[in-house]
Protein chains: 2
Amino acid sequence: MTRTHRDPIASSAGSSSGALSRYAAATAAAEQQGSASGDFTLDATEQAVAERLQGMEIDMSAMAVVSNVYRAANALRNHLERTVLTKHGLTWTGWVVLWVIWIWGEIESRHVAAEAGVSKGTLTGVQKTLAAKGLVDRTVHPDDARRVLLSLTEEGERLMAAVFPEFNGVEAWMTTELSGAEKRELARGLRALVQRAEEA
Amino acid sequence: MTRTHRDPIASSAGSSSGALSRYAAATAAAEQQGSASGDFTLDATEQAVAERLQGMEIDMSAMAVVSNVYRAANALRNHLERTVLTKHGLTWTGWVVLWVIWIWGEIESRHVAAEAGVSKGTLTGVQKTLAAKGLVDRTVHPDDARRVLLSLTEEGERLMAAVFPEFNGVEAWMTTELSGAEKRELARGLRALVQRAEEA
DNA sequence: CCGATATCGTTCGGTCCCGAACAAACTTGC
DNA sequence: GCAAGTTTGTTCGGGACCGAACGATATCGG
């Protein structure tokens, strides 16, 4: 993680790596002051982007939003995996699936997939992994032999009860920088994106 | 995608699926009006969450932020894959890697990994895939035999020139709902999260 | 000059991830 | 009641993804 070399990319990257988001940051900063280009000392990445995109009709702010969202999601996920999940032998997706089942108590397979945001093909594998760990039980639906009901084993319940507060504590820590109003604004903007992106 | 069944989960899900984000939405809506709990008709998911978490000390707004960010990232990625990338035989990660190389012209492997936000182990595979498609060239660094320089082939250049405007057009469409100020706020909030999550 | 140390990219094992194809089970129309 | 259509979960192929272990290469200290 410590990048100690001296070439342009690494030095410009510093601790905040990622071309897209640094670019996005500069774009937003420039917009904020209503400035045209040239007023800021762009680092190597932003200069490269600007040169490459010169003459093209590009929506820079849209680009900034998409890349920042994606980057933030990765950062949050990786941090939670590193600080909480890995320690308990869980993956991100496994955790989400477990969480959904925990909330519902007993729930059909297809609903878990929808709630967790994965395809049914993926769920088959994840669920198999969790069952092998002894965290999840499978039952055939009494009224429909196609369906499968998932629920937590006692060990699964114990795990959730132990890990969830810890997980949420890290979530809280990661968002302490934001005020209540900022969190609301953030959520609002994100929901607007989701709505657009998910509309058929 | 059309969920036409009549059970509580599906009907509450509607077109916006995903327990976490619906929950997050309700949380944010409640906050917005400064109300305590009980003033709103919660749907099945939120009721389940509320019941499950009753008595636990949970930071709901932090939970809402994390789940919304993750959900939005997935929605944006899936939509861009479906509408733009798949058509050109590209995956999301392949696209990001290609983009980084396109911007830099010629760049060392390790930098591509850092900029694209993947591990070096992952990059080896992605790069191999792109090279097999004839989109990327590999050269050994003249001064250091350990390093590998990546660049686009002519076909890679052609592809980027053709696909990037299309990609950005969809990005623009997905963010049209947001005003300039909203986009800036969004980017600001997300960067705050990234900073926290990435700090060692 | 040469051993200790650091860095770069690859390999490997395990998991995730999707869409397409599929079989089994249910529902609907006639 | 049964053929046609739909839904559910599985399987499969191709790819992404990470961390750990590794070999090759480079650098630093003496």
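Everything numeric in this text was worked out from a predicted model, so none of it was measured. Sequence lines set the chain letters: A, B, ... in the order given, protein chains first and strands last, and positions in each chain run from 1.
Contact annotation for A:Ser119: base contact, defined as any heavy-atom pair under 4.0 Å involving a base atom.
No donor-acceptor distance shorter than 3.5 angstrom exists from the side chain of A:His88 to the backbone of A:Leu90, with no hydrogens or angles considered. A donor-acceptor pair under 3.5 Å is formed between the side chain of A:Ser119 and the backbone N or O of A:Thr122.
A 4.5 Å side-chain heavy-atom check between B:Thr139 and B:Val148 finds every atom pair outside the cut-off. The shortest distance between side-chain heavy atoms of B:Leu80 and A:Val66 falls below 4.5 Å.
We find that B:Lys87 and B:Glu166 are joined by a salt bridge, their nearest charged nitrogen and carboxylate oxygen being less than 4.0 Å apart. Using a cutoff of 4.0 Å between basic side-chain nitrogens and carboxylate oxygens, B:Glu185 and A:Lys183 are not scored as salt-bridged. The residues B:Glu157 and A:Arg52 are annotated as salt-bridged, a charged nitrogen and a carboxylate oxygen being separated by less than 4.0 angstrom.
With C:dG9, D:dC17, D:dG9 as the choices, the nucleotide that has an atom nearest any side-chain atom of A:Val148 turns out to be D:dG9. When distances run from any side-chain atom of B:Lys120 to the nucleotides C:dT10, D:dA16, D:dT8, the shortest one goes to C:dT10. Checked against C:dC18, D:dG9, C:dC16, the side chain of A:Val118 finds its nearest nucleotide in C:dC18. Comparing C:dC17, C:dT10, D:dA16 against the side chain of A:Thr93 picks out C:dC17 as the nearest. Counting only heavy atoms from C-beta on, B:Thr124 has its side chain closest to C:dT10 among D:dT10, D:dG15, C:dT10.
Remark on DNA chain D: of its neighbouring residues A:Glu81 and A:Gly125, the 5'-side contact belongs to A:Gly125, judged by nearest-heavy-atom nucleotide. Annotation: of the two residues near DNA chain C, A:Gly94 and B:Thr122, the 5′-most nearest-nucleotide partner is B:Thr122.
Distance A:Leu135 CG to C:dT15 P: 13 Å, rounded to the nearest Å. Distance A:Leu123 CG to D:dC12 P: 18 Å, rounded to the nearest Å. Residue B:Lys87 contributes atom NZ, which lies 16 Å from atom P of C:dG19 at whole-angstrom precision. When rounded to the nearest whole Å, the span between CD of A:Gln127 and C1' of D:dT8 equals 13 Å. Remark: C1' of D:dC17 and CG of B:Leu130 are 15 Å apart, rounded to the nearest angstrom. Straight-line distance from the CZ atom of B:Arg77 to the P atom of C:dG19: 11 Å, rounded to whole Å. Following rounding to the nearest Å, A:Lys133 (NZ) and C:dG14 (P) show an atom-to-atom distance of 12 Å. In this structure, A:Leu85 atom CG and D:dG19 atom P are separated by 13 Å, rounded to whole Å.
Under the rule for a side-chain hydrogen bond (donor to acceptor under 3.5 Å, both in side chains), the partners of A:Arg138 that lie at least two apart in sequence or sit in another chain are A:Gln127.
At least one side-chain nitrogen or oxygen of B:Thr129 sits closer than 4.0 Å to the OP1 or OP2 atom of D:dA16.
Open room surrounds CD on B:Gln195; 12 or fewer heavy atoms of other groups in view lie less than 6.0 Å from it.
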Once Watson-Crick and G-U wobble pairs under 3.5 Å are found, how is DNA chain D written in dot-bracket notation, 5' to 3', with | for any base paired to another strand? ||||||||||||||||||||||||||||||
Contact list (N/O, under 3.5 angstrom) for nucleotides 24-26 of chain D vs protein:
from, atom 1, to, atom 2, distance (Å)
D:dT25, O2, B:Arg146, NH1, 3.4
D:dA26, OP1, B:Ala145, N, 2.6

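Not less than 6.0 angstrom separates the ring centroid of B:Trp99 from the ring centroid of B:Phe167.
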